[in-house]
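Everything below concerns the one structure shown next.
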Amino acid sequence: MQSVFPEWLEKKKVVEDKKLPDLPNVEIGKVVMRLAPSPSGPLHIGHARMAILNDEYVKRYKGKLILRIEDTNPANIMPEAYKMIEDDLKWLEVDYHEVVIQSDRFELYYDTMEKLISMEKAYVATTPTEVFKAKRQQSIPIDERNDSSEANLRRWEKMLNGDFKKGEAYAVIKTDLTHPNPAIRDFIAFRIIEIPHPLKGKKYRVYPMMNFSVAVDDHFLGLTHVIRGKDHLANTEKQKYIFNYFRWPLPFYLHYGKVSIENSILKTSIIKKGIANGDFTGWDDPRLGTLLAMKMRGINPRAIRRYWVETGIGDVDIKFSWENLYAFNKHIIDSESPRHFFVVNPIRLELLLDEVVKVKMPIFPKKENGLFREYEIKKGEIFIAQDDYNKFMGQEVRLKDLGNFKLERDKLKFIDNDLSKIKQGIPIIHWIQSDFVDYQIIKPDGATDKGILEKNALNYLGKVNQLERYGYANLINEKLGYYTHP
RNA sequence: GCUCCGGUGGUGUAGUCCGGUCAAGCAUAUCGGCCUUUCGAGCCGACGACACGGGUCCAAAUCCCGUCCGGAGCACCA
(Lines give C-alpha, C1' and ligand atoms only; values in the text may rest on other atoms or scores of the structure.)
Protein backbone atom coordinates (compact mmCIF):
# COMPACT_ATOMS: atom_id res chain seq x y z
CA MET A 1 0.00 0.00 0.00
CA GLN A 2 1.20 3.48 -0.88
CA SER A 3 1.82 6.08 1.75
CA VAL A 4 -0.81 8.73 2.26
CA PHE A 5 1.26 11.38 0.49
CA PRO A 6 3.23 9.53 -2.15
CA GLU A 7 3.28 12.53 -4.48
CA TRP A 8 4.88 14.69 -1.80
CA LEU A 9 7.85 12.43 -1.68
CA GLU A 10 8.22 12.22 -5.42
CA LYS A 11 8.00 15.99 -5.97
CA LYS A 12 11.16 16.58 -4.00
CA LYS A 13 13.20 14.45 -6.35
CA VAL A 14 12.09 16.14 -9.54
CA VAL A 15 13.00 19.59 -8.30
CA GLU A 16 16.58 18.56 -7.65
CA ASP A 17 19.12 21.00 -9.05
CA LYS A 18 20.85 20.23 -12.27
CA LYS A 19 24.40 19.08 -11.87
CA LEU A 20 27.57 19.34 -13.87
CA PRO A 21 28.84 16.06 -15.30
CA ASP A 22 31.70 14.39 -13.49
CA LEU A 23 35.25 14.94 -14.65
CA PRO A 24 37.43 11.97 -15.61
CA ASN A 25 40.54 10.90 -13.68
CA VAL A 26 39.56 12.50 -10.43
CA GLU A 27 40.91 11.57 -7.09
CA ILE A 28 39.13 13.28 -4.23
CA GLY A 29 41.44 15.78 -2.60
CA LYS A 30 44.00 15.71 -5.41
CA VAL A 31 42.33 17.83 -8.04
CA VAL A 32 44.13 21.08 -8.86
CA MET A 33 42.52 23.66 -11.13
CA ARG A 34 43.08 27.28 -11.97
CA LEU A 35 41.53 30.56 -12.89
CA ALA A 36 43.74 32.48 -15.29
CA PRO A 37 42.51 35.99 -15.93
CA SER A 38 44.65 38.77 -17.30
CA PRO A 39 44.61 41.96 -15.24
CA SER A 40 43.31 44.16 -17.99
CA GLY A 41 40.14 45.07 -16.15
CA PRO A 42 37.55 43.73 -13.74
CA LEU A 43 35.67 40.52 -14.52
CA HIS A 44 32.47 40.44 -16.53
CA ILE A 45 29.55 38.07 -16.74
CA GLY A 46 31.37 35.90 -19.29
CA HIS A 47 34.44 35.51 -17.08
CA ALA A 48 32.13 34.33 -14.35
CA ARG A 49 31.55 31.12 -16.29
CA MET A 50 35.21 30.18 -16.13
CA ALA A 51 35.40 31.06 -12.45
CA ILE A 52 32.24 29.27 -11.41
CA LEU A 53 32.82 26.10 -13.38
CA ASN A 54 36.30 25.68 -11.93
CA ASP A 55 35.07 26.54 -8.46
CA GLU A 56 32.20 24.07 -8.65
CA TYR A 57 34.48 21.20 -9.57
CA VAL A 58 37.15 22.04 -7.04
CA LYS A 59 34.50 22.14 -4.34
CA ARG A 60 33.00 18.87 -5.48
CA TYR A 61 36.33 17.08 -5.46
CA LYS A 62 37.76 18.93 -2.47
CA GLY A 63 40.67 20.09 -4.55
CA LYS A 64 42.78 23.20 -4.82
CA LEU A 65 41.93 26.25 -6.88
CA ILE A 66 44.71 28.57 -7.95
CA LEU A 67 44.13 32.13 -9.06
CA ARG A 68 46.86 32.75 -11.58
CA ILE A 69 47.06 36.30 -12.82
CA GLU A 70 48.51 36.41 -16.31
CA ASP A 71 50.32 39.70 -16.53
CA THR A 72 52.96 38.96 -19.15
CA ASN A 73 51.97 41.78 -21.45
CA PRO A 74 52.59 45.09 -19.68
CA ALA A 75 50.86 46.96 -22.47
CA ASN A 76 47.63 45.31 -21.47
CA ILE A 77 47.65 45.72 -17.71
CA MET A 78 45.42 47.90 -15.62
CA PRO A 79 47.17 48.01 -12.23
CA GLU A 80 43.93 48.29 -10.25
CA ALA A 81 42.66 45.11 -11.90
CA TYR A 82 44.74 42.80 -9.68
CA LYS A 83 42.62 43.75 -6.72
CA MET A 84 39.39 44.19 -8.64
CA ILE A 85 39.58 40.62 -9.90
CA GLU A 86 39.99 39.28 -6.39
CA ASP A 87 37.06 41.37 -5.21
CA ASP A 88 34.91 40.12 -8.07
CA LEU A 89 35.76 36.51 -7.24
CA LYS A 90 34.95 37.02 -3.59
CA TRP A 91 31.62 38.51 -4.50
CA LEU A 92 30.93 35.46 -6.66
CA GLU A 93 31.85 33.26 -3.70
CA VAL A 94 34.58 31.60 -5.71
CA ASP A 95 37.05 30.25 -3.18
CA TYR A 96 40.59 30.12 -4.47
CA HIS A 97 43.33 28.82 -2.23
CA GLU A 98 46.41 30.42 -3.70
CA VAL A 99 47.31 33.43 -5.80
CA VAL A 100 50.12 33.16 -8.33
CA ILE A 101 51.28 36.14 -10.32
CA GLN A 102 53.11 35.28 -13.49
CA SER A 103 55.36 38.30 -13.40
CA ASP A 104 56.91 36.78 -10.25
CA ARG A 105 58.06 33.76 -12.22
CA PHE A 106 60.34 35.06 -14.94
CA GLU A 107 63.33 33.02 -13.70
CA LEU A 108 61.35 29.82 -13.98
CA TYR A 109 60.33 30.68 -17.52
CA TYR A 110 63.91 31.55 -18.49
CA ASP A 111 65.30 28.34 -17.00
CA THR A 112 62.73 26.25 -18.77
CA MET A 113 63.41 27.96 -22.07
CA GLU A 114 67.12 27.43 -21.72
CA LYS A 115 66.52 23.73 -21.28
CA LEU A 116 64.36 23.60 -24.36
CA ILE A 117 67.01 25.34 -26.42
CA SER A 118 69.63 22.91 -25.15
CA MET A 119 67.33 20.07 -26.12
CA GLU A 120 67.07 21.61 -29.59
CA LYS A 121 63.35 22.01 -29.12
CA ALA A 122 63.50 25.78 -29.35
CA TYR A 123 65.53 28.46 -31.06
CA VAL A 124 66.21 32.16 -30.98
CA ALA A 125 65.70 34.07 -34.19
CA THR A 126 66.63 37.44 -35.58
CA THR A 127 64.98 36.89 -38.94
CA PRO A 128 62.22 39.45 -39.48
CA THR A 129 58.93 37.98 -38.29
CA GLU A 130 57.27 38.64 -41.64
CA VAL A 131 59.75 36.23 -43.19
CA PHE A 132 59.30 33.78 -40.34
CA LYS A 133 55.53 33.82 -40.76
CA ALA A 134 55.65 33.52 -44.52
CA LYS A 135 58.04 30.58 -44.45
CA ARG A 136 56.14 28.84 -41.71
CA GLN A 137 53.02 29.07 -43.83
CA GLN A 138 54.91 27.12 -46.50
CA SER A 139 56.45 24.70 -43.97
CA ILE A 140 59.93 26.07 -44.60
CA PRO A 141 62.29 26.57 -41.63
CA ILE A 142 64.16 29.84 -41.14
CA ASP A 143 67.96 29.56 -40.75
CA GLU A 144 68.08 29.74 -36.97
CA ARG A 145 65.84 26.72 -36.66
CA ASN A 146 68.66 24.52 -37.89
CA ASP A 147 71.42 26.22 -35.92
CA SER A 148 73.17 24.29 -33.18
CA SER A 149 71.87 24.59 -29.65
CA GLU A 150 75.11 26.40 -28.78
CA ALA A 151 74.46 29.10 -31.33
CA ASN A 152 70.90 29.48 -30.17
CA LEU A 153 71.97 29.54 -26.55
CA ARG A 154 74.39 32.36 -27.36
CA ARG A 155 71.62 34.38 -28.95
CA TRP A 156 69.39 33.63 -25.98
CA GLU A 157 72.05 35.03 -23.64
CA LYS A 158 72.36 38.12 -25.81
CA MET A 159 68.61 38.51 -25.80
CA LEU A 160 68.49 38.36 -22.00
CA ASN A 161 71.50 40.66 -21.67
CA GLY A 162 69.83 43.38 -23.63
CA ASP A 163 71.99 43.16 -26.74
CA PHE A 164 68.88 43.18 -28.89
CA LYS A 165 66.29 45.90 -29.06
CA LYS A 166 62.56 45.41 -29.25
CA GLY A 167 61.70 43.52 -32.41
CA GLU A 168 65.24 42.41 -33.15
CA ALA A 169 65.05 38.95 -31.67
CA TYR A 170 62.46 36.45 -30.45
CA ALA A 171 62.47 32.90 -29.20
CA VAL A 172 60.48 30.13 -30.84
CA ILE A 173 59.23 26.71 -29.78
CA LYS A 174 59.56 24.04 -32.42
CA THR A 175 56.43 22.05 -33.08
CA ASP A 176 55.96 20.52 -36.48
CA LEU A 177 56.44 22.73 -39.50
CA THR A 178 54.45 20.31 -41.60
CA HIS A 179 51.50 20.28 -39.26
CA PRO A 180 48.38 20.46 -41.47
CA ASN A 181 47.01 23.21 -39.29
CA PRO A 182 49.20 26.28 -39.85
CA ALA A 183 48.04 27.64 -36.54
CA ILE A 184 49.93 24.91 -34.72
CA ARG A 185 53.31 25.28 -36.42
CA ASP A 186 56.34 26.80 -34.61
CA PHE A 187 55.18 29.52 -32.26
CA ILE A 188 56.87 32.42 -30.56
CA ALA A 189 57.60 31.90 -26.88
CA PHE A 190 59.45 35.08 -25.90
CA ARG A 191 59.67 38.61 -27.20
CA ILE A 192 61.36 41.79 -26.11
CA ILE A 193 59.22 44.45 -24.45
CA GLU A 194 60.75 47.74 -23.39
CA ILE A 195 57.84 49.47 -21.70
CA PRO A 196 57.88 49.16 -17.91
CA HIS A 197 55.78 46.57 -16.12
CA PRO A 198 53.40 47.99 -13.50
CA LEU A 199 54.71 45.55 -10.88
CA LYS A 200 58.26 44.88 -12.01
CA GLY A 201 59.27 48.13 -13.63
CA LYS A 202 62.16 47.70 -16.01
CA LYS A 203 63.61 44.65 -14.34
CA TYR A 204 62.78 42.37 -17.28
CA ARG A 205 62.73 42.98 -20.98
CA VAL A 206 62.30 39.46 -22.29
CA TYR A 207 58.66 38.48 -21.77
CA PRO A 208 57.12 35.03 -22.25
CA MET A 209 54.14 34.66 -24.53
CA MET A 210 50.99 33.24 -23.06
CA ASN A 211 51.38 29.82 -24.64
CA PHE A 212 54.76 29.38 -23.02
CA SER A 213 54.04 30.66 -19.53
CA VAL A 214 50.73 28.82 -19.41
CA ALA A 215 52.30 25.48 -20.27
CA VAL A 216 55.13 25.94 -17.78
CA ASP A 217 52.84 27.04 -14.99
CA ASP A 218 50.18 24.44 -15.66
CA HIS A 219 52.89 21.87 -15.11
CA PHE A 220 54.80 23.33 -12.15
CA LEU A 221 51.59 24.28 -10.38
CA GLY A 222 50.49 20.68 -10.69
CA LEU A 223 47.24 21.21 -12.56
CA THR A 224 45.20 18.07 -13.05
CA HIS A 225 42.27 19.57 -14.98
CA VAL A 226 42.01 22.64 -17.14
CA ILE A 227 38.64 24.09 -18.08
CA ARG A 228 38.58 27.02 -20.44
CA GLY A 229 36.91 28.42 -23.52
CA LYS A 230 37.31 26.72 -26.85
CA ASP A 231 39.06 29.74 -28.24
CA HIS A 232 42.04 28.06 -26.59
CA LEU A 233 41.71 24.82 -28.54
CA ALA A 234 44.65 25.58 -30.80
CA ASN A 235 46.64 26.92 -27.86
CA THR A 236 46.20 23.66 -26.04
CA GLU A 237 47.70 21.83 -29.01
CA LYS A 238 50.69 24.14 -28.98
CA GLN A 239 51.17 23.81 -25.25
CA LYS A 240 51.13 20.05 -25.50
CA TYR A 241 54.39 20.18 -27.43
CA ILE A 242 56.13 21.63 -24.40
CA PHE A 243 54.61 18.99 -22.16
CA ASN A 244 55.73 16.27 -24.50
CA TYR A 245 59.32 17.53 -24.81
CA PHE A 246 59.69 17.28 -21.04
CA ARG A 247 57.50 14.20 -20.75
CA TRP A 248 55.33 16.04 -18.27
CA PRO A 249 51.98 14.38 -17.59
CA LEU A 250 49.18 16.19 -19.35
CA PRO A 251 46.32 17.67 -17.40
CA PHE A 252 42.83 16.83 -18.58
CA TYR A 253 41.60 19.61 -20.87
CA LEU A 254 38.01 20.65 -21.36
CA HIS A 255 36.95 23.47 -23.66
CA TYR A 256 33.52 25.02 -23.45
CA GLY A 257 31.80 26.91 -26.27
CA LYS A 258 31.79 30.55 -27.10
CA VAL A 259 29.21 32.73 -25.42
CA SER A 260 27.77 35.70 -27.18
CA ILE A 261 26.25 38.20 -24.85
CA GLU A 262 23.87 40.58 -26.49
CA ASN A 263 22.72 43.92 -25.18
CA SER A 264 25.76 44.37 -23.07
CA ILE A 265 29.13 46.05 -23.24
CA LEU A 266 32.00 43.82 -22.21
CA LYS A 267 35.18 44.93 -23.93
CA THR A 268 37.52 46.54 -21.46
CA SER A 269 39.02 48.82 -24.09
CA ILE A 270 35.61 50.26 -24.93
CA ILE A 271 34.63 50.56 -21.29
CA LYS A 272 37.87 52.31 -20.39
CA LYS A 273 37.40 54.82 -23.14
CA GLY A 274 33.77 55.35 -22.18
CA ILE A 275 34.63 55.98 -18.56
CA ALA A 276 37.41 58.37 -19.55
CA ASN A 277 35.20 60.51 -21.73
CA GLY A 278 32.22 60.39 -19.40
CA ASP A 279 29.91 58.13 -21.38
CA PHE A 280 29.85 55.69 -18.49
CA THR A 281 29.77 56.53 -14.82
CA GLY A 282 32.31 53.86 -13.95
CA TRP A 283 32.99 50.13 -14.07
CA ASP A 284 29.63 49.60 -12.37
CA ASP A 285 27.57 51.56 -14.89
CA PRO A 286 24.34 49.58 -15.29
CA ARG A 287 24.75 49.45 -19.04
CA LEU A 288 27.88 47.34 -18.70
CA GLY A 289 28.24 43.58 -18.43
CA THR A 290 30.78 43.74 -15.62
CA LEU A 291 30.18 41.90 -12.37
CA LEU A 292 30.39 45.28 -10.66
CA ALA A 293 27.42 46.42 -12.74
CA MET A 294 25.53 43.21 -11.92
CA LYS A 295 26.12 43.83 -8.24
CA MET A 296 24.95 47.41 -8.58
CA ARG A 297 21.81 46.32 -10.36
CA GLY A 298 20.93 43.83 -7.67
CA ILE A 299 21.75 40.60 -9.42
CA ASN A 300 22.51 38.04 -6.74
CA PRO A 301 25.79 36.16 -7.27
CA ARG A 302 24.02 32.88 -6.61
CA ALA A 303 21.78 33.55 -9.61
CA ILE A 304 24.87 33.94 -11.77
CA ARG A 305 26.27 30.72 -10.37
CA ARG A 306 23.09 28.82 -11.03
CA TYR A 307 22.94 30.21 -14.53
CA TRP A 308 26.40 28.97 -15.44
CA VAL A 309 25.99 25.64 -13.72
CA GLU A 310 22.78 25.01 -15.66
CA THR A 311 24.47 26.06 -18.86
CA GLY A 312 27.17 23.50 -18.19
CA ILE A 313 30.35 22.81 -20.09
CA GLY A 314 29.08 22.03 -23.57
CA ASP A 315 31.29 22.94 -26.48
CA VAL A 316 28.48 24.42 -28.53
CA ASP A 317 28.36 28.15 -28.98
CA ILE A 318 25.58 29.74 -27.01
CA LYS A 319 23.69 32.94 -26.68
CA PHE A 320 23.60 34.34 -23.19
CA SER A 321 20.03 34.61 -21.94
CA TRP A 322 19.33 37.58 -19.72
CA GLU A 323 15.80 36.26 -19.41
CA ASN A 324 16.97 33.06 -17.77
CA LEU A 325 19.36 34.87 -15.47
CA TYR A 326 16.57 37.20 -14.38
CA ALA A 327 14.28 34.28 -13.68
CA PHE A 328 16.87 32.69 -11.39
CA ASN A 329 17.50 35.99 -9.69
CA LYS A 330 13.81 36.53 -9.10
CA HIS A 331 13.50 33.19 -7.34
CA ILE A 332 16.29 34.14 -5.00
CA ILE A 333 15.33 37.71 -4.17
CA ASP A 334 11.55 37.77 -4.38
CA SER A 335 10.61 36.84 -0.85
CA GLU A 336 13.31 39.11 0.57
CA SER A 337 12.33 42.12 -1.48
CA PRO A 338 10.31 44.81 0.25
CA ARG A 339 7.27 46.01 -1.70
CA HIS A 340 6.75 49.66 -2.46
CA PHE A 341 4.93 51.83 -4.94
CA PHE A 342 6.85 53.76 -7.56
CA VAL A 343 4.68 55.89 -9.83
CA VAL A 344 6.36 56.59 -13.14
CA ASN A 345 5.47 59.84 -14.88
CA PRO A 346 2.89 60.64 -12.21
CA ILE A 347 -0.40 62.24 -13.20
CA ARG A 348 -1.95 64.36 -10.50
CA LEU A 349 -5.66 63.75 -10.00
CA GLU A 350 -8.31 64.84 -7.56
CA LEU A 351 -9.35 62.04 -5.24
CA LEU A 352 -13.02 62.25 -4.36
CA LEU A 353 -13.59 60.48 -1.09
CA ASP A 354 -16.13 61.14 1.64
CA GLU A 355 -14.19 59.96 4.62
CA VAL A 356 -10.65 59.26 5.71
CA VAL A 357 -9.54 55.72 4.92
CA LYS A 358 -6.77 53.95 6.75
CA VAL A 359 -4.73 51.62 4.58
CA LYS A 360 -2.21 49.09 5.75
CA MET A 361 -0.08 47.38 3.16
CA PRO A 362 2.42 44.62 3.91
CA ILE A 363 6.04 45.32 3.03
CA PHE A 364 6.85 41.61 2.88
CA PRO A 365 3.65 39.84 1.80
CA LYS A 366 5.44 36.48 1.89
CA LYS A 367 6.45 36.88 5.48
CA GLU A 368 4.49 37.45 8.63
CA ASN A 369 6.93 39.84 10.21
CA GLY A 370 4.36 42.55 10.96
CA LEU A 371 5.97 45.19 8.77
CA PHE A 372 3.51 47.48 7.00
CA ARG A 373 3.26 50.80 5.26
CA GLU A 374 0.32 52.65 6.79
CA TYR A 375 -1.40 55.72 5.43
CA GLU A 376 -4.47 57.79 6.15
CA ILE A 377 -5.98 58.61 2.81
CA LYS A 378 -8.28 61.58 2.45
CA LYS A 379 -9.84 63.55 -0.35
CA GLY A 380 -7.40 65.72 -2.24
CA GLU A 381 -4.58 65.07 -4.63
CA ILE A 382 -3.38 61.62 -5.66
CA PHE A 383 -0.94 60.35 -8.27
CA ILE A 384 -1.11 57.45 -10.67
CA ALA A 385 1.19 56.43 -13.50
CA GLN A 386 0.62 58.03 -16.85
CA ASP A 387 0.43 54.66 -18.57
CA ASP A 388 -2.38 53.55 -16.29
CA TYR A 389 -4.14 56.86 -16.76
CA ASN A 390 -4.07 56.50 -20.52
CA LYS A 391 -5.02 52.88 -20.50
CA PHE A 392 -7.92 52.96 -18.08
CA MET A 393 -9.44 56.38 -18.71
CA GLY A 394 -13.16 56.30 -18.21
CA GLN A 395 -13.12 52.90 -16.52
CA GLU A 396 -13.58 51.72 -13.01
CA VAL A 397 -10.27 50.78 -11.44
CA ARG A 398 -9.17 49.45 -8.12
CA LEU A 399 -6.56 51.44 -6.26
CA LYS A 400 -4.72 48.62 -4.61
CA ASP A 401 -5.64 48.26 -0.93
CA LEU A 402 -7.75 51.41 -1.06
CA GLY A 403 -11.00 51.00 -2.96
CA ASN A 404 -12.76 51.06 -6.32
CA PHE A 405 -12.86 54.34 -8.21
CA LYS A 406 -14.09 55.72 -11.48
CA LEU A 407 -11.22 57.23 -13.43
CA GLU A 408 -12.24 60.47 -15.10
CA ARG A 409 -10.38 63.25 -16.86
CA ASP A 410 -9.02 64.90 -13.73
CA LYS A 411 -10.35 62.87 -10.88
CA LEU A 412 -10.85 59.51 -9.24
CA LYS A 413 -14.34 59.19 -7.87
CA PHE A 414 -14.97 56.72 -5.04
CA ILE A 415 -17.52 54.06 -5.85
CA ASP A 416 -17.23 51.32 -3.25
CA ASN A 417 -14.85 48.90 -1.63
CA ASP A 418 -16.33 45.73 -3.02
CA LEU A 419 -13.49 43.23 -3.14
CA SER A 420 -15.45 40.81 -5.29
CA LYS A 421 -14.81 43.12 -8.21
CA ILE A 422 -11.23 41.90 -8.28
CA LYS A 423 -12.50 38.50 -9.22
CA GLN A 424 -14.46 40.06 -12.00
CA GLY A 425 -11.27 41.40 -13.48
CA ILE A 426 -11.28 45.06 -12.55
CA PRO A 427 -7.80 46.46 -13.18
CA ILE A 428 -5.74 46.97 -10.05
CA ILE A 429 -3.35 49.88 -10.13
CA HIS A 430 -0.88 51.41 -7.70
CA TRP A 431 -0.93 55.00 -6.52
CA ILE A 432 0.68 57.46 -4.13
CA GLN A 433 -0.97 60.27 -2.22
CA SER A 434 1.66 61.61 0.16
CA ASP A 435 4.92 60.76 1.90
CA PHE A 436 6.87 60.38 -1.30
CA VAL A 437 10.16 61.49 -2.81
CA ASP A 438 11.13 62.26 -6.37
CA TYR A 439 13.01 59.30 -7.68
CA GLN A 440 14.85 58.10 -10.76
CA ILE A 441 15.48 54.59 -11.95
CA ILE A 442 18.24 53.98 -14.46
CA LYS A 443 17.67 51.05 -16.77
CA PRO A 444 20.28 48.75 -18.32
CA ASP A 445 19.74 50.34 -21.73
CA GLY A 446 20.69 53.70 -20.27
CA ALA A 447 17.15 55.09 -20.19
CA THR A 448 15.90 56.80 -17.06
CA ASP A 449 12.43 56.51 -15.59
CA LYS A 450 11.36 59.45 -13.45
CA GLY A 451 8.63 59.30 -10.89
CA ILE A 452 7.74 59.35 -7.25
CA LEU A 453 8.56 56.70 -4.68
CA GLU A 454 7.02 55.98 -1.32
CA LYS A 455 9.22 57.57 1.30
CA ASN A 456 9.11 54.37 3.31
CA ALA A 457 11.27 52.70 0.68
CA LEU A 458 14.18 54.85 1.82
CA ASN A 459 14.35 52.58 4.86
CA TYR A 460 15.45 49.86 2.49
CA LEU A 461 18.24 51.53 0.55
CA GLY A 462 20.93 49.24 -0.81
CA LYS A 463 18.40 46.48 -1.26
CA VAL A 464 16.45 45.26 -4.21
CA ASN A 465 12.86 46.40 -3.78
CA GLN A 466 9.94 45.11 -5.71
CA LEU A 467 8.28 48.25 -7.02
CA GLU A 468 4.87 46.78 -7.55
CA ARG A 469 3.71 46.53 -11.14
CA TYR A 470 6.91 48.24 -12.26
CA GLY A 471 9.75 45.82 -11.60
CA TYR A 472 12.61 45.14 -9.25
CA ALA A 473 15.17 47.82 -8.58
CA ASN A 474 18.18 48.27 -6.36
CA LEU A 475 17.71 51.50 -4.47
CA ILE A 476 21.17 53.03 -4.43
CA ASN A 477 20.44 56.24 -2.57
CA GLU A 478 17.58 58.57 -1.73
CA LYS A 479 17.34 59.87 -5.29
CA LEU A 480 18.46 57.09 -7.57
CA GLY A 481 18.01 53.40 -8.15
CA TYR A 482 19.13 50.86 -10.74
CA TYR A 483 16.58 48.71 -12.49
CA THR A 484 17.20 45.02 -11.80
CA HIS A 485 14.70 43.27 -14.06
CA PRO A 486 10.93 42.94 -14.52
C1' G B 1 42.13 30.53 -48.27
C1' C B 2 44.16 26.61 -44.78
C1' U B 3 43.13 23.79 -40.14
C1' C B 4 40.05 22.49 -36.19
C1' C B 5 35.28 22.34 -33.38
C1' G B 6 30.09 22.22 -33.34
C1' G B 7 24.60 22.15 -34.89
C1' U B 8 18.07 18.98 -29.91
C1' G B 9 11.68 23.73 -29.16
C1' G B 10 12.18 31.35 -28.70
C1' U B 11 16.49 30.58 -25.08
C1' G B 12 19.69 27.14 -22.20
C1' U B 13 20.31 22.07 -21.36
C1' A B 14 19.56 16.15 -20.84
C1' G B 15 20.06 12.06 -24.11
C1' U B 16 24.81 11.10 -28.70
C1' C B 17 30.73 7.78 -26.62
C1' C B 18 28.19 1.75 -25.67
C1' G B 19 21.70 2.48 -31.80
C1' G B 20 16.01 0.00 -29.24
C1' U B 21 13.17 1.75 -22.70
C1' C B 22 13.29 8.95 -26.81
C1' A B 23 6.24 9.21 -30.81
C1' A B 24 12.56 12.96 -26.82
C1' G B 25 13.22 14.74 -20.15
C1' C B 26 14.19 19.44 -17.38
C1' A B 27 14.58 24.80 -16.83
C1' U B 28 13.20 29.47 -18.77
C1' A B 29 9.90 32.22 -21.90
C1' U B 30 4.85 32.39 -23.94
C1' C B 31 -0.45 31.11 -23.41
C1' G B 32 -4.54 29.22 -20.23
C1' G B 33 -6.43 27.78 -15.27
C1' C B 34 -6.17 27.92 -9.78
C1' C B 35 -4.62 30.98 -5.84
C1' U B 36 -3.75 36.03 -4.66
C1' U B 37 -6.14 43.27 -3.04
C1' U B 38 0.85 43.54 -7.99
C1' C B 39 1.02 42.77 -14.77
C1' G B 40 4.92 39.58 -8.75
C1' A B 41 5.38 34.66 -6.32
C1' G B 42 3.41 29.68 -5.90
C1' C B 43 0.58 25.43 -7.95
C1' C B 44 -1.64 22.93 -12.37
C1' G B 45 -2.02 22.49 -17.63
C1' A B 46 -0.90 23.67 -22.83
C1' C B 47 2.28 25.11 -26.81
C1' G B 48 6.90 24.04 -28.87
C1' A B 49 12.90 20.69 -31.09
C1' C B 50 16.49 16.00 -32.99
C1' A B 51 19.65 21.73 -39.45
C1' C B 52 18.93 19.27 -44.48
C1' G B 53 19.69 15.06 -47.88
C1' G B 54 21.42 10.24 -48.60
C1' G B 55 23.39 5.53 -46.51
C1' U B 56 24.04 1.24 -42.87
C1' C B 57 20.60 -1.49 -39.83
C1' C B 58 15.00 -5.41 -37.92
C1' A B 59 15.76 -0.47 -35.43
C1' A B 60 19.21 6.12 -35.81
C1' A B 61 18.73 12.30 -32.18
C1' U B 62 22.46 8.49 -31.50
C1' C B 63 26.89 5.22 -36.57
C1' C B 64 28.81 6.73 -41.94
C1' C B 65 28.91 10.25 -46.19
C1' G B 66 27.52 14.88 -48.43
C1' U B 67 25.29 19.78 -48.09
C1' C B 68 24.03 24.02 -45.45
C1' C B 69 24.72 27.03 -41.16
C1' G B 70 27.52 28.76 -36.78
C1' G B 71 32.18 29.37 -34.11
C1' A B 72 37.55 29.28 -33.31
C1' G B 73 42.80 29.51 -34.67
C1' C B 74 46.42 30.90 -38.52
C1' A B 75 49.53 37.81 -33.13
C1' C B 76 56.41 39.92 -30.82
C1' C B 77 47.38 39.60 -27.15
C1' A B 78 45.52 36.65 -23.27
Distances for protein N/O vs nucleotides 29-33 of chain B N/O pairs under 3.5 angstrom?
| unit_1 | atom_1 | unit_2 | atom_2 | d |
| --- | --- | --- | --- | --- |
| B/A29 | O4' | A/Glu323 | OE1 | 3.3 |

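- A close approach under 4.0 Å does not occur between any side-chain nitrogen or oxygen of A/Lys366 and OP1 or OP2 of B/A41.
- Between A/Arg191 and the phosphate of B/A78, there is a side-chain N or O to OP1/OP2 separation shorter than 4.0 Å.
- Comparing A/Ile318 and A/Ile429, the nucleotide of RNA chain B nearest to each residue sits closer to the 5' end for A/Ile318.
- Comparing the C1' positions of B/A61 and B/C44 gives a spacing of 30 Å, expressed to the nearest Å.
- For the P atoms, the distance linking B/A75 with B/G70 amounts to 23 Å, nearest Å.
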Using Watson-Crick and G-U wobble pairs whose two distances are both under 3.5 Å, how do you write the pairing of RNA chain B as dot-bracket, with | for links to another strand? (((((((..((((......[....)))).(((((.......)))))....(((((..]....))))))))))))....
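- Taking atom P on both nucleotides, B/G25 is separated from B/G48 by 12 Å, rounded to a whole Å.
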Going 5' to 3' along nucleotides 61-67 of chain B, which nucleotides have protein heavy atoms under 4.0 Å from the base (write B), which only from the sugar-phosphate (write S), and which from neither (write -)? -------
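- Contact detail for A/Tyr253 and A/His255: the closest heavy-atom pair is CB-CE1, 3.8 Å.
- Partners of A/Glu114 under the side chain to side chain donor-acceptor pair (under 3.5 Å) rule, at least two apart in sequence or in another chain, do not exist in this structure.
- Phosphate proximity of B/G73 to A/Lys238: absent, as no side-chain N or O sits under 4.0 Å from OP1 or OP2.
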Atom pairs under 3.5 Å, N or O on each side, protein against nucleotides 3-5 of chain B: can you list them with distances?
| unit_1 | atom_1 | unit_2 | atom_2 | d |
| --- | --- | --- | --- | --- |
| B/U3 | O2' | A/Asn181 | ND2 | 3.1 |

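- Sequence order on RNA chain B of the closest nucleotides to A/Asn235 and A/Arg185 puts A/Arg185 first from the 5' end.
- Applying the side-chain hydrogen bond (donor to acceptor under 3.5 Å, both in side chains) rule to pairs touching residues 416-428 of chain A yields A/Glu396-A/Lys421, A/Arg398-A/Asn417, A/Asn404-A/Asp416, A/Asp416-A/Lys421, A/Asp418-A/Ser420, sequence neighbours excluded.
- At the phosphate of B/A78, OP1 or OP2 sits under 4.0 Å from a side-chain N or O atom of A/Thr72.
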